[in-house]
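Report on one structure; see the data block that follows.
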Number of protein chains: 4
Amino acid sequence: MQDSNATHASRAPRRRVPRAERSEQIRNSLIEAAAAVVGEVGYADASVARITALAGVAQGTFYNHFESRQHLFDELLPQIGQRMIRFVIARVHPDLRGAARDVARLRAYFEFLEENPAFYRILYEAETLAPVAHAQHMKTIIAGYVRALSRSLDRGELHQDITERDLEPIALMLLAARGYLSMHYGAGREGGGKVPDWVVDSYAKLVGNGLFSEPGAAVDKSNEH
Amino acid sequence: MQDSNATHASRAPRRRVPRAERSEQIRNSLIEAAAAVVGEVGYADASVARITALAGVAQGTFYNHFESRQHLFDELLPQIGQRMIRFVIARVHPDLRGAARDVARLRAYFEFLEENPAFYRILYEAETLAPVAHAQHMKTIIAGYVRALSRSLDRGELHQDITERDLEPIALMLLAARGYLSMHYGAGREGGGKVPDWVVDSYAKLVGNGLFSEPGAAVDKSNEH
Amino acid sequence: MQDSNATHASRAPRRRVPRAERSEQIRNSLIEAAAAVVGEVGYADASVARITALAGVAQGTFYNHFESRQHLFDELLPQIGQRMIRFVIARVHPDLRGAARDVARLRAYFEFLEENPAFYRILYEAETLAPVAHAQHMKTIIAGYVRALSRSLDRGELHQDITERDLEPIALMLLAARGYLSMHYGAGREGGGKVPDWVVDSYAKLVGNGLFSEPGAAVDKSNEH
Amino acid sequence: MQDSNATHASRAPRRRVPRAERSEQIRNSLIEAAAAVVGEVGYADASVARITALAGVAQGTFYNHFESRQHLFDELLPQIGQRMIRFVIARVHPDLRGAARDVARLRAYFEFLEENPAFYRILYEAETLAPVAHAQHMKTIIAGYVRALSRSLDRGELHQDITERDLEPIALMLLAARGYLSMHYGAGREGGGKVPDWVVDSYAKLVGNGLFSEPGAAVDKSNEH
DNA sequence: AATGAATGAGAGTTCATTCAT
DNA sequence: GATGAATGAACTCTCATTCAT
């Protein structure tokens, strides 16, 4: 981050360090401000006026850094989303396997939400208000989840009836669970807060054993092979 | 103040259409119009002008029936939500039990979405744009789901480690699955469409057997009581 | 359709006269205000704020009557242009013929400009700022002029070397003369004012005899002295 | 940036003067860029950003050379106007006299416009958007035209009813003709283009013989009404 | 009760100009 | 002198809501 001699513009700006750094600072502060504002009032009410006021710059400055309000919105989720991914990776012990690993990821996610309550809105409103970013984020997240499940599958950690093709819908459902549980028990509520342990346990039970106990009942009707 | 007696309409030749009924008609047509508009363009762009235009009344008329645009929005989901609930109930055979019943409900939900693609947006945007209605809807839906699961529990259809307290988070997660699967494979995508059978099968597998096969592994690590 | 009986109140607006009239009044006052503002500061600085302030209505009202600022601009020249045409027609004695008629029209035009000094800017800036209106106006004006000249041609009032084909460029040049003379000696200057008689006389000389007298030099014919 | 410090001063018109000359270069390139931009999009949309981008300098540099955008605009027409004047002088054979000389000047003007289509907009929009420059330009041009006509008058080339006082309005009208003819038949239209010969002939007829053939009628009659 | 024009606050965006580097 | 980001006033336009008819 310190070295900025790597890129050498043809026009030769004299003192690129302070200027470029200051510019980068402002850009970042705009993103941070936007994240905070969107987290608080949602995309729809995150006006440029509000964002720039929080960032402490003039409204016009906004447009030196982003083509439009929408362009900022489209960067918001990727930025914070990456942060979330790194956070979760850092929090999950590399040796964990199977269901334990999955539950650990869930917990890490909830912890991230506790520390970054804005993320909830940034993510879930993005579906309609920053759809490109949302689609990209979901794609990345799903792909990562499928990869992890795929490794579990290879290791034989999954039930025998689970096939490669099931992994995507299952990843999706587990992500869905994250979202709804945090909405209902955690950051999505007013005031945010921690998702209680017993809720995580319910997740673990569902993921570990499924819900219904009658053998084959669920699969029989709809599955022909 | 007009007479709102609707049972005997043939009283005077002056007024043929009862006022109250006509008023109710307009109110309903506004709700229908709003549902269509929100389904098409979302809450944010569902302007009063657009809704009244579709309903065929003047803009001012809107405010004779609803205190504000937000008040209409707050009625939208309850209305359409009830319709969805009735639809699902009607489609699920009363004799189905256990996982088969749950899967049938999932299918019915997807069918409702196919026939009412607007519902997807009305429901999922409501979380931020009609939060009161959304909370109420979720409460109702969850309560219904929990009741159903509770009956399954009483009948001994569930795994033995599932307790009464697990039912709410589990209901939530199954609802979450509905939402994300329809977003990804069905009505949430451009052009709507049917969720494929193999995706329903993946749901059935998860709900039936769980995901991970190591017995107890998932629960052990994270549960200390 | 005029009936506004209480028994048949479903479609018919009750008292359309005052409402429609008031609306028309506001629309007209916006046009008048716009004409005044454009005349004073030009199209570029004729902001909606300025126009509505002068018209005494709210800014939003503007958009109940015109799709956009440009749409008003596009109506401005046709409106005032028609007024000018009617004015000139009214001022020119129907029995005048030949050069006398042409000069009378020139005088009438100058008089109109004296009474409507805004017209100058409305017309001449329109070329770039309301090009469609300008083109339409010029087409109308040129066509009218050509028609008048054509009648003179038929009556044998014109020089023998003038043919039908010359009429359009000549009409254009006479219109050009109007414009530049008023710019330089009349309404185009600060403070407006009347174009002096001796300037009109110069016009009359040019139109009457041409400028150069050498036989054969320009086109030849009909010149001595 | 580049080594422009060649310090050998010889007899040849090669100058050293690194600073002043470089400064002059930038200033000129800004004027050239402005001319191109104004010609393309008009004064109103000729933003400082656009001009400096075309000139290849930073926006701030602009204000080292011009007090304001308007100050540049005020220099634009004088610069290009002088170029036009020199072009016309160079193209008109010094021995031509009378109407032939005038028509030759008209043709030269049209040729200049063909080669410099930007000039049309620079000149005609200047009336409202660079009024000082426009007034100065017109003054210069009119003075030159009057001088030329005055020489014709001294040589007896003009009609006897033309007096010294007529020369200014007549010069103005001939300039007006230039402008409108080029607007309608030449550079003013989309795509520019050459004014056809037959249009020039119409001009020649008007200037040569006038329009109406009744001698004297034009002047006398019009003073009564 | 129905109408639909009037309202005005507030939105996103532009751009001439300034100024620290 | 050259730079180019920062500034903030001004712009056009939208729309939920009001209210006289």
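Protein chains get the first letters and strands the later ones, always in sequence-line order, with residue 1 at the start of each.
- Annotation: proximity of residues 24-55 of chain A to DNA chain E (heavy atom, distance under 4.0 Å) is found for S47(A), V48(A), numbered in ascending order.
- Rounded to 10°, the angle separating the first-five-pair axis and the last-five-pair axis of the helix from dA2(E)-dT21(F) to dT21(E)-dA2(F) equals 10°.
- A straight line from CD of E21(C) to P of dA5(E) spans 15 Å, rounded to a whole angstrom.
- Pairs passing the side chain to side chain donor-acceptor pair (under 3.5 Å) check and including a residue from residues 67-80 of chain D, sequence neighbours excluded, read R27(D)-E75(D), S68(D)-H71(D), Q70(D)-D74(D).
- Taking NE2 of H134(B) as the reference point, atom CG of L123(B) lies at 5.0 Å (rounded to 0.5 Å).
- Note: CZ (F66(B)) to C1' (dA1(E)) measures 15 Å, nearest angstrom.
- Considering every non-hydrogen atom in both V41(A) and R121(A), the closest pair reads C-NH1, 3.3 Å.
- The distance from the CG atom of L30(D) to the CG atom of L76(D) is 11.0 Å, given to the nearest 0.5 Å.
- R69(A) places its CZ atom 17 Å from the C1' atom of dT14(E), with the value rounded to the nearest Å.
- Side-chain proximity of V57(B) to dT7(E), dT3(E), dC13(F): nearest is dT3(E).
- Proximity of a side-chain donor or acceptor of S29(D) to a complementary backbone N or O of I26(D) within less than 3.5 Å is detected.
- Panel note: side chain Y43(C), backbone V38(C); no donor-acceptor pair is recorded below 3.5 Å.
- For E125(C) (side chain) and G42(C) (main-chain N/O), no donor-acceptor pair under 3.5 Å exists by modelled atom type.
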field: Steps toward side chain to side chain contact (heavy atoms under 4.5 Å, CB included) verdict (F66(C), T61(C))
entry: CA-CA 9 Å; F66(C) 301 97; T61(C) 302; over 6 Å; no
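- Contact annotation: H65(D) side-chain N/O to dG1(F) OP1/OP2 distance is not under 4.0 Å.
- Applying the salt bridge (charged side-chain N to carboxylate O under 4.0 Å, His left out) test to E32(A) and every residue at least two apart in sequence or in another chain returns R83(A).
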Kindly list each side-chain donor-acceptor pair under 3.5 angstrom involving residues 44-58 of chain A, sequence neighbours excluded, with atom names and distances?
from: S47(A); atom 1: OG; to: R50(A); atom 2: N; distance (Å): 3.1
from: T52(A); atom 1: OG1; to: V48(A); atom 2: O; distance (Å): 2.7
from: T52(A); atom 1: OG1; to: A49(A); atom 2: O; distance (Å): 3.1

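- A118(B) approaches G39(B) most closely through the heavy-atom pair CB-CA, 3.5 Å.
- The phosphate of dA1(E) has neither OP1 nor OP2 within less than 4.0 Å of any side-chain N or O from N64(B).
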Write down the protein N/O and nucleotide N/O pairs, taken from nucleotides 18-20 of chain E, whose separation is under 3.5 Å; answer none if there are no such pairs.
none

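- With the nearest nucleotide of DNA chain F identified for both A58(A) and F62(C), A58(A) has the one nearer the 5' end.
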